[in-house]
Structures are given as structure tokens and as C-alpha cells.
Amino acid sequence: MHKYVAMVLLAGSTGLAISIGVIGASTAATHSNDGQAEGELSGGDTTVYATGRNAFSFPAANLGDEERTRFVIGNSFFKRNWVEAPASTTARDGLGPHFIARSCAGCHASDGRGQPPQIRDRLGQHNPAVDLLLRLSIPGTPDPKAGIVPEPVYGDQFNNAAVQGVKPEGELLIRYTPVRGRFADGTPYTLQKPAYSFRKLGYGPMRADVMVSPRIAPQLIGAGLLEAISEADIVGNAASQAAAPGPIKGRPNRVWDAFAEREMTGRFGWKANVATLAHQTAGAFRGDVGITSARFQDESCTPAQTDCLRAPRGVHGRAFEIDDKTLGDVVFYQATLAPPARRNAQDAQALRGQQLFTQAQCAACHRPSYVTTEGPFPRLSSKAVNGQRIWPYTDLLLHDMGEGLADGRPDFQANGRQWKTPPLWGVGLIKDVNSHDRLLHDGRARGVLEAILWHGGEAEASKQQVLKMNKTEREALVKFVESL
Amino acid sequence: MKHLALSASLAALAALQLTAATPALAQTAPAAVSVAASPATHAASFNPVALHYAALVHASYADTLQTAQAMQRAIAAFVKSPSADALAAARKAWLEAREFYGQTEAFRFYGGPIDDGNGPEGRINAWPMDESFVDGIQGKPNTGLINNRKFAISKSSLAKQNERGGEENIATGWHAIEFLLWGQDQSETGPGQRSFEDFVDGKAPNADRRRQYLTAATELLVDDLSLLEKAWAPGVKNNYRAKFDKGGKESVRKMLVGLGSLSRGELAGERLEVALNSQDQEDEHSCFSDNTHRDVVNNAKGIQNVWLGEYQRANGSVLKGPSLRDLVAAKNAALADKTSQQIAASVAAAGTIQAPFDREIVGAKDAPGRQRIQKTIESLTLQSKDLVTAASALGITKLTLVSPK
């Protein structure tokens, strides 16, 4: 009755075949009478069949009752605005002094992906860069727990907003210049290359040797599943790539984790500079919203920012602003956000695109599938994410992506040309959820094809193959990626 | 064989209702009959149910639009000459329209016209709202878009500001209008007490802009509601309804995704469990008007409408036709009954929740109000499981609430 298309996902990447060869028969045998294509269940049992505005906001389909309650409570603290101290509400008091957004959802709108700011919109209003974070550092030998040397006056990231009585750090300027090229069939294309600068700096000039790394807020689906991929799998990816011929040589980042209190393999952030969701969340609360917690008790004010240091804090007799239980609920919320099922997985054009994806070696880094183990902190996640066959399309490794994408700013073990392979699941639903199609670490790419054309470095050969594709092939490739 | 029997019974059902046809039913019944009368195929058992659902959705949005337009007239009268009476009339019209909108929330969560990639849900009913984004609040009288005279107020500028920089930065929709009509709720026993003088020049700063804002936000809401009404209108080429009517099993799957997601995640979860946990008025759905107890009832009723294929229209007539319950009953009568009973229990439990909701959520675990809400949550959770089982009985597993394998 049902067709199961046997797919040779790994035909082109011999090195990876060992670690991901076992897919297929077992999943096909356990399908329902609705029928599912191979890989349609992006998150295994956690998968939700969701499209539209809410596609990224559902809890794992296999979550228990009490866990669903914890999920919605975590969600409420994820999306509610924090307010300036002193406030009458004690639950969400303590915004800033410096901040970028008033809530997590300020950047991760509908749990989805941010886009670069339109610096001046049609109404002539200045829109601060909310979804786009600028990390800052200077050359030097970092503290092993920080991974970078912060800019002495502005710290490790740029905060363009502040509470009353405190100066914002300044405004961001983005200037795009066109980068033109042609496909082999003669079709021209134009990419836009951004350049970043600051103005109205609140605390004087930055160091001349400051290094700036733009980072867009990514969609959060499946974060708990990614956290439950075993370190051995990630390290194994690097070993397979090292053993295989060719330029693709991914490396894991090694980073300090404040919750595990040890060095671990990085997997979150555009440079895999964070190992766990707990560290990522507490770090973002402090850095982006100005909310301190048990592990990050100091506001991100540098010694030169005296107004920031003097500002009132929303602690209500505590040492910090968000308590462990609430922080844990927000971590749990993200850990259990479900990846939506693939759409059009059996569509002929998407299947053709899948072949092309494999032929162009895309799957060498965008590794399709894993079976999860369990995450580092069982109490901050759910058993629902453990032991699942998932399809995230990432190796979680750092790759040299060439000069065009380089930020020139090291982060732990990542150098200034390396970026982590981002997962591709949900990419085709960003338009549904966030009404835009901006991709890559700073949202410069307008759609999947532009994102591919920015690939260089280790991915140069793959990009060259895509440049040789004709229109039909290019469209099939995009159709496949957007079906994920 | 089973399909044949079901088709026959659905045809009989449709025919039965033709005799007592209301105008809205007359549009759907012939279609239902013709499909049911066609050779029995697997799809035929799903199609009449999908067709009737589409008619029910259209009727629900049409009623919402009509009552929202009545509200728009009341608001126009109030804005033209603000008075306590005119404000009271506008508030009354808001409450009346909400009775119908609340029931339409059962049509969310499957990427239909309300919340597909272009869906207006976020403009229509986003919450919770940081009211200081729109207008002054106690202690911060000069904040908000209304008090920023550099901000040009129009439908499109408000739509653009909505949810800018955060999901709580709500500029538009029911709750922005609610805030303008009632103001902050500082009362323990009743709703917000905004004075009509906030809209009178010389009595409150930026009263002119408050009038403009209320007018623009209301117009935008009516525009968005009429988009939804059109998307579901019958006999329109290429609208959403045209495709949905032909969707068969896939359309029925969408219906079930909507019911399950509203039951558990949104109503039991976001609207009740979160408020119970925080005991905070700001987690109350209609916090300015103290109308949250009705929101809960109307959501629960919206689910029941779809399950039973029955909807009482604004004019009092009842729209009735082939339903999910019929479909499930043909496979498993006991399961259909159990689900019907659980859904009825949820509506009843929701009906016991008392106003004001912000007092109902406060207190120890055994506080009567909290127990009433807890009981509603438990019933909704059970009904969400029944709906999953019912879907499974129909061979539908691609949902949001259960492992899809």
C-alpha cells in the first residue's frame, strides 16, 4: 500500500557511512496506517505534525501530563516581558541595566528565528537590532572559562538598550554591499555582504582591535534532542571526517560549562561555544535581558560603566533575579520544544533534491540522522527526548567556511573562520512562523540558495557543484531543504 | 461494508436536517447529500463531516464579524462624543462579540486561515499584553505609542508595531481594545475603571490620539475578521474553504489537531495552568475587563461545537450536521459517548469558574476558586486524550499530542 523510498543518503560520503548507516527498515516497520516517509518524523516520537504560525511552539508529542504543565509555565517566563527594578511585580523584576530584549521571545519570536534589523523602516523609525546580537572581544589569552577576552569597556557583547538613568551602549549600523556572481548556466545572482559599525557609543570609543561577531537568534525546535546527542557521536563525526579524503575536516569546540562545572563539547550557539541548554539559557538571561541567576550573579556592567553598576537590581532580598526553579522551567521548556514533521517528504521534486544534496556532499556536514542518548541534566529535560531517531542535519562540528563568512573572532577553540554546522530541521517553516527567509549566522542570506552560495572554505567544492546545477536541479535542492 | 452503512446514516442525518433547515444549513446540506449518495469510498465518510465543519466555521466567523461590527459602531459613537454611557455601551458590545470570537478558537493550530504563515491571529488576539506598550499606566503616565506624538497612528502602523521587540508588545486586537475601554484593572472586585474623560480633549493628555488609536485598532480587527469570514465563505473559487471542502481525511485531521491543541496546550495550559501557578493577574486572558471566566467557557464550547457539529448562531438558530462524533461513533460508539461526556464535563466545569478570575486563582491549593479551575484543567486534559483516541479510531495519528508512530 505505502511506498517507502529507499534513499541512499550517504552515497557520497564514505567516511560517515559507518556512523549513520543504520536507518530505514526498523522505522519503516513501525509506521502507522497514515504512512510516513523515511525521515518524516524529524524528532522521532517527539515529532508534531504542525505548520503555520505555531509550528515551532508545540511541546514534544510524547510529553507526559505533568511535563506539559511545566512546559507551559516555562513558556510563560520565556515570553513575558521582564520589567525595570524596582517594580511591584516580584516575579519578573530586574530587567537590565543593559539589555537587548525584555524577554527571550523578544528575539526568538514564536520560538523561531530572528532577522537582521531594517535600520530605518518605512515609517522612518529607528529600530534597534533586537534579534541580532553582536559579540565583542579583543585579542589576548582568554580565561579558560570565558573563551574570549572581553572588550574592556563594553564587555563581551553589545547592548543597545538600557533602563531609565543608564546609557545604552550605542546603536548598530549595517551596510550591505552587493556580491555578484553567475551559475554555470549563465543565470546571475546577487548576494548582500554586510558590514557592521557602531555609532552613538555610550561609553566612548571601543578598542581599535575590537573583534565583532554578529549572531542571529535561531529557531529553538529540538534543542533538547540536540543536547541528547552523545558526545561520542560528535567526536565520531570529526574522526570520520578526518579519516575521509577531501577538504571537510570538522572539529568539535571544547567549552567551559558553568552548570556541569567542567569542559565539554560545545553544541549550541553559532560557534558551538556553549555545551548545555542550561548554560545557554542562564547566559542569555544575563547577557541579553540583564537577569542574573545563581550561576551568573553579576550584572554585565564593566567597571567603566558606573551608571550601570549603580542601577537598582530586582533581587528582593535574594542574591540574584531569577530563581533556580523558574530558570529550570525555562530550560525545560526549550528542551522539550518539538521539531515539526517534514512536509512533502515523498514529493518527487524533494526526492530529486535529496539526491542532489547527497551528491554535492552536503550531508557530509549536515549529517541527517542520530539516535539520541540522554542530556547532561535529567532534571532540566525530559526522558521524552532520549533514545529517539532524529533528523537534524548537522554534525555539530566547526568548519572553516571561508573568508566570505569569516567573523575573524575566535571563541573558545573556534577560530575566526569557523562556524558550527547549523541544524536544518524546520528551515522550510521559518516563513510560516516568522514571515521571513533570512538564513546564516547574521541573517544575510535571503533564502536557502543564497545561504548555499555563501558557503566556502571546507564547503567550497560543494558550492561549486551547486553552481553547476541547472535551474530545475537548484529548485529541487531548495525544495528538499525546505521540506526538512 | 462499514463505510456503506456510515454513508447511509450520514445521508439520512443530512436529509433529516434539511427539513428543519436554517438558511446556513441549506447551503451545506445538498453538498453533504450528494457526497454521501456517491459510491461509498473511504473518503466519503470524511467529506460530509469536513463540509459541515466548514459551514460551521464560516457561520462562527460571520457571527463574530457581525458582532464586532456592532462593537465598531458603538466605539464610533463613543469616540464621537465620549460619555460614561457611550463607554458602557462600547464595553457591552466588546463583551458580546467576545462570546462568538471565543468559540472560533477551536479553528486554530493547524495552519488554517487564522494562523497560517499570513494568519492574523497575532494581530487579533495576542496576549498577555504589556499595556505600557500602548498607553500610560499607573506610575508611568507618559509611556506607550499613544503618548509618543511622533508615532503616526494608522491601521498599518499599528499592525507593524504589533509584537515588535517581544511577544508581549501587543499593539492591536481584542486585548488592546479591551485595555483602551477598561484601563488597568486595579480593583479586587471588578474590572478596570478607565474614565471616559481619558478620551476628552483637555481632560487627559493625548486624548485625541487615544480616540484615533481606538478607532484604528477596531477597524483593523474588523478587517482581519472579514478576511477570515471570506476565507471560509462557501462557493468562492480558490479560497481556503474550497480546498478544505475537498480535503476528506486530511481536513478531518486538521479539525482534530485544532481541538486537541486548544484543549490541552492553550486552554488548560497557557490560560489556566500558568495563571494558577503564578497567581498573577497579568496571566489572566482578559485581564482588563475581568471577562476571563467567559473566555474559558467559550473556548470549551467552541470545541464542543466542532465535536457535535452543532452551533447556536447569533440569531438563535442552530446549525447542525454531520460531525466528528458521528464519524467516531460509526467505529466505536462507546468511545464517541465517552468523548462527548468528557467534553460536556469540561464545558460544565468551565461554567463554574467565577468572576473575577484574578481572585479565583489566588490562595492555597484548596481554595474553592483554585479547585474549580483545577477541575476544569483535569477535564480538558482527559478530553484531549479522548480526542487522541478518537482520532486513532479514525486512522488519524498525525497530530500534535501523541507520538505519531
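Letters go in sequence order (proteins before strands), and every chain restarts at 1.
- Heavy atoms closer than 4.5 Å to chain A are found in the side chain of B:T381, but not in its backbone.
- Here the OH atom belonging to A:Y49 is positioned 7.0 Å from the OG1 atom belonging to B:T397, to the nearest 0.5 angstrom.
- Taking CD of B:E266 as the start and OG of A:S57 as the end, the distance is 10.0 Å to the nearest 0.5 Å.
- Of all the heavy atoms in B:G265 and A:V72, the pair that sits closest is O-CG1, 3.9 Å.
- Remark: B:E273 CD to A:I73 CD1 distance equals 6.5 Å, nearest 0.5 Å.
- One finds a salt bridge joining A:E40 and B:K398 here, because a Lys/Arg side-chain nitrogen approaches an Asp/Glu carboxylate oxygen to under 4.0 Å.
- For the pair A:R53 and B:E121, the minimum side-chain heavy-atom distance is 4.5 Å or more.
- Looking at B:K254 and A:T51, their side chains never come closer than 4.5 Å, going by heavy atoms from C-beta outward.
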**OP:** Applying side-chain contact (heavy atoms from CB on, under 4.5 Å), run through A:V48 and B:L401 and close with a yes or a no.
**Re:** CA-CA 7 Å; A:V48 291; B:L401 277 173; over 6 Å; no

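- A distance of 9.5 Å separates OG of A:S103 from CG of B:D130, quoted to the nearest 0.5 Å.
- Contact detail for A:R68 and B:T400: the closest heavy-atom pair is NH2-O, 4.4 Å.
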Subject >> From CA spacing to verdict: salt bridge (Lys or Arg N to Asp or Glu O under 4.0 Å), B:E270, A:K79 >> reply: CA-CA 11 Å; B:E270 305 263 341; A:K79 69 180 178 189; 2.9 Å; yes

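- Between B:E282 and A:R80, some side-chain heavy-atom pair lies under the 4.5 Å cut-off.
- Of the listed residues A:G44, A:G114, A:G52, the one with more heavy-atom pairs under 4.5 angstrom with chain B than any other is A:G52.
- Heavy atoms of B:K140 lying under 4.5 Å from chain A belong exclusively to its side chain.
- Salt-bridge check for A:K431 with B:D116: failed, with every basic side-chain N at 4.0 Å or more from each acidic carboxylate O.
- Of the atoms belonging to A:N75, it is side-chain heavy atoms, and not backbone ones, that fall under 4.5 Å from chain B.
- In this structure, CD1 on B:I377 lies 7.5 Å from OG1 on A:T69, to the nearest 0.5 angstrom.
- With respect to the salt-bridge test (charged N to carboxylate O, under 4.0 angstrom), the residues B:E168 and A:R92 do not qualify.
- For A:D45, the side-chain contact (heavy atoms from CB on, under 4.5 Å) partners at least two apart in sequence or on another chain are A:N62, A:Q388, B:S403, B:K405.
- Of the listed residues (B:P128, B:G166, B:G111), the greatest number of heavy-atom pairs within a distance under 4.5 Å of chain A belongs to B:P128.
- Heavy atoms of B:F109 lying under 4.5 Å from chain A belong to its backbone as well as its side chain.
- From B:E167, atom CD reaches atom OG of A:S110 across 4.5 Å, with rounding to the nearest 0.5 Å.
- With a 4.5 Å cut-off on non-hydrogen atoms, B:L399 touches chain A through its backbone but not through its side chain.
- Residues B:R264 and A:D65 come closest through the heavy atom pair NH2-O, 3.2 Å.
- With a threshold of 4.5 angstrom between heavy atoms, B:D283 approaches chain A through its backbone and through its side chain.
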